[in-house]
Structures are given as C-alpha cells and as structure tokens.
Amino acid sequence: MSSTRTASREPRLSGPERRAQLIEAARRVFLRHGLGGARTRHIADEAGVNEALLYHHFDSKEAIFEVAVLEPLQEMMTDLFASATLAVEARDAEEEVRRTVLHLIRTMQDILPLLGMVLFGDPDTGRRFYQEKYYPLLRQGYEVGTQAMSEWARHPVDPSVATAVHGMCFVAAMDRWFRGVELDEDHMVDVMTDLVLHWTPSTVS
C-alpha cells in the first residue's frame, strides 16, 4: 500500500525512465539480498511501485537481473563501435584506445558484484549466462576492436590481447571490491593502452 502511495506522489516517468529506475532499484536489492534471496516485491518496494508495473517491463526476476548486469556492457559495446570508427578516421588510435580502456575499467567496477553473483553462484546458471549472454557481448567487442586496429597496426592483432585487457579490468575491479582499495585508473589505462598499441607477435623457430 505504501508503495502505491509513494508512486502516486512521484511525477509521471516515461517508459525508458521508468525502466531505468526499476533497473537501479533492482541492482540495490540484488546487492542486499543476492539473486536467490531477492523477490520481485522487494524490487517494487525499492522503486516505489507495485509489482504489476514491474512485470509490465520485465517478465521475471531473472530477466531484470540479466538486464542489470548486461546493459552496462551493451552500452560499452556501443561506445566501442564509436571509438573504433573515430580511431580509423583519425589514423591515430591512442586516445580512443585510452578512452575505451577507461570505460571498460569503470564498467567492470560497476557490474562486478552482480556479475560475480551470476557467474560464480550456481554452476549451471553461471555457465548458461556466460555462454549465451556474456561471451557473445565480449566476442562482439573483440571483433570490432580487432577490425579497427587492423586498419593501422603493422601486424595482425591477436584476440588474446583483448582477452588479457578484459581480464586485467575484471581482476582490478575484484580487488577494489574485496579489499576496498581505490584503483589508480590513470596508471591502469597507461599500462593497458601500451599493451594494446605496442604488443608484437612472438616468433617461434
């Protein structure tokens, strides 16, 4: 009842604004209760709406959880497309690589707690989420970045470089979350940009 009264006092939101509000409320609830302990009524109460409105935007608790984790990654992929285009047009990729790496670092910090829940909670759920949802987004990013870099790089770009950069960002975000330390983002960007731009293929005789 209190949720309904709260909602009635709020200004009317557009569909996208309401959806964004629900996602932010869901992130807070999942962080407090975990995926297993969270309920749709918790999310509705957190957002100040009733459950019917929540189900108008999302089919299930699991659906809103996946969106809460994946949407920042999807936004990052959109940014990567734009960065890749600018890098090719400018013929000088360093600034765009730096911007993309910084975006990845910050995105991983934002989603790390929820991403950890789904990847390392139930093994079957984690495997399905990674194979069907998470990896396709990563693969898309690798392909876009590799294609852009091939326009100006002096050698073929090894996809493992992108994997290494992603892994470094993931571990840095994990270190920040569990140890409570602040990341030196500028230094991390320097290191990873240097890795991307100056990596050279090894030769095996």
Discussion item. For a 4.5 angstrom cut-off between non-hydrogen side-chain atoms, does Asp122 reach Leu35?
Written reply: no

Item to complete: Could you tell me whether a side-chain N or O of Gln21 sits under 3.5 Å from a main-chain N or O of Ala47, the two making a donor and an acceptor?
Response: yes

Fill in: salt bridge (Lys or Arg N to Asp or Glu O under 4.0 Å) contacts in which one or both residues fall within residues 19-28, not counting sequence neighbours
Arg19-Glu71, Glu24-Arg27, Arg28-Glu46

Fill in: Results of side chain to side chain contact (heavy atoms under 4.5 Å, CB included) for Met117 - residues two or more places apart only
Leu31, Phe65, Leu114

Worksheet, complete the sentence: Heavy atoms of Leu183 and Ala172 approach each other most closely as CD2-O, 3.5 Å

Worksheet entry | Common cluster, Tyr134/Leu137, ILVMFWY with side-chain heavy-atom separation under 4.5 Å | yes

Worksheet item: With Asp190, which residues qualify under side-chain hydrogen bond (donor to acceptor under 3.5 Å, both in side chains), at least two apart?
Response: Arg98

Worksheet entry | Nearest atoms (heavy-atom pairs only) where Ile43 meets Leu22 | CG2-O, 4.1 Å

Practice prompt. Apply side-chain hydrogen bond (donor to acceptor under 3.5 Å, both in side chains) to His56 and list each qualifying residue two or more places apart in sequence or on a separate chain.
Written response: none

Worksheet item: Minimum heavy-atom separation for Leu115 to Val69, with atom names?
Response: CD1-CG1, 3.9 Å

Worksheet entry | Contacts of Asp175 that satisfy salt bridge (Lys or Arg N to Asp or Glu O under 4.0 Å) - sequence neighbours left out | Arg179

Item to complete: With sequence neighbours excluded, tell me which residues meet side-chain hydrogen bond (donor to acceptor under 3.5 Å, both in side chains) with Asp59.
Response: none

Worksheet entry | Value rounded to 0.5 Å, distance of CG in Leu119 from OH in Tyr130 | 8.5 Å

Worksheet item: With Ser60, which residues qualify under side-chain hydrogen bond (donor to acceptor under 3.5 Å, both in side chains), at least two apart?
Response: none

Practice prompt. Go through the structure and list residues passing salt bridge (Lys or Arg N to Asp or Glu O under 4.0 Å) with Arg39, not counting sequence neighbours.
Written response: none

Worksheet item: Between Val101 and Thr193, which heavy-atom pair has the shortest distance, and what is it?
Response: CG2-OG1, 4.4 Å

Discussion item. Could you tell me if the side chain of Ile23 sits less than 4.5 Å from the side chain of Phe58, heavy atoms only?
Written reply: yes

Item to complete: Quick one: do Leu104 and Met108 satisfy side-chain contact (heavy atoms from CB on, under 4.5 Å)? Show the steps, please.
Response: CA-CA 6 Å; Leu104 176 59; Met108 293 308 301; 3.9 Å; yes

Fill in: Heavy-atom closest contact (Leu138 atom, His166 atom, distance)
CD2-NE2, 3.5 Å

Fill in: Partners meeting salt bridge (Lys or Arg N to Asp or Glu O under 4.0 Å) with Glu17 (sequence neighbours left out)
none

Practice prompt. Mind jotting down which residue pairs meet the ring-ring contact (aromatic ring centres under 6.0 Å, His included) criterion with at least one end in residues 109-128? Sequence neighbours excluded, please.
Written response: none

Discussion item. Within this structure, what is the CG-CG distance for the pair Asp45 and Asn50, rounded to the nearest 0.5 Å?
Written reply: 10.0 Å

Item to complete: Would you mind reporting whether Phe30 and His42 have side-chain heavy atoms less than 4.5 Å apart?
Response: no

Discussion item. Let's go through Thr125 and Glu62 carefully: what are the C-alpha distance in whole Å and the side-chain angles of both, what is the deciding distance for side-chain contact (heavy atoms from CB on, under 4.5 Å) to 0.1 Å, and is it a yes or a no?
Written reply: CA-CA 11 Å; Thr125 300; Glu62 289 72 22; over 6 Å; no

Practice prompt. Run through Val165, Val189, Thr100 and flag the one making a side-chain contact (heavy atoms from CB on, under 4.5 Å) with Ile105.
Written response: Val189

Worksheet item: Mind checking whether Met168 and Leu195 have side chains closer than 4.5 Å, heavy atoms only?
Response: yes

Practice prompt. Return each pair, listed once, that meets salt bridge (Lys or Arg N to Asp or Glu O under 4.0 Å) where at least one residue sits in residues 106-117; pairs must be two or more places apart or across chains.
Written response: Arg106-Glu185

Practice prompt. Mind listing the closest non-hydrogen atom pair of Arg176 and Val181 along with its distance?
Written response: CG-O, 3.0 Å

Worksheet, complete the sentence: For Glu132, the salt bridge (Lys or Arg N to Asp or Glu O under 4.0 Å) test, sequence neighbours excluded, returns Arg128

Worksheet item: Is a side-chain N or O of Lys133 found less than 3.5 angstrom from the main chain of Val67, in a donor-acceptor match?
Response: no

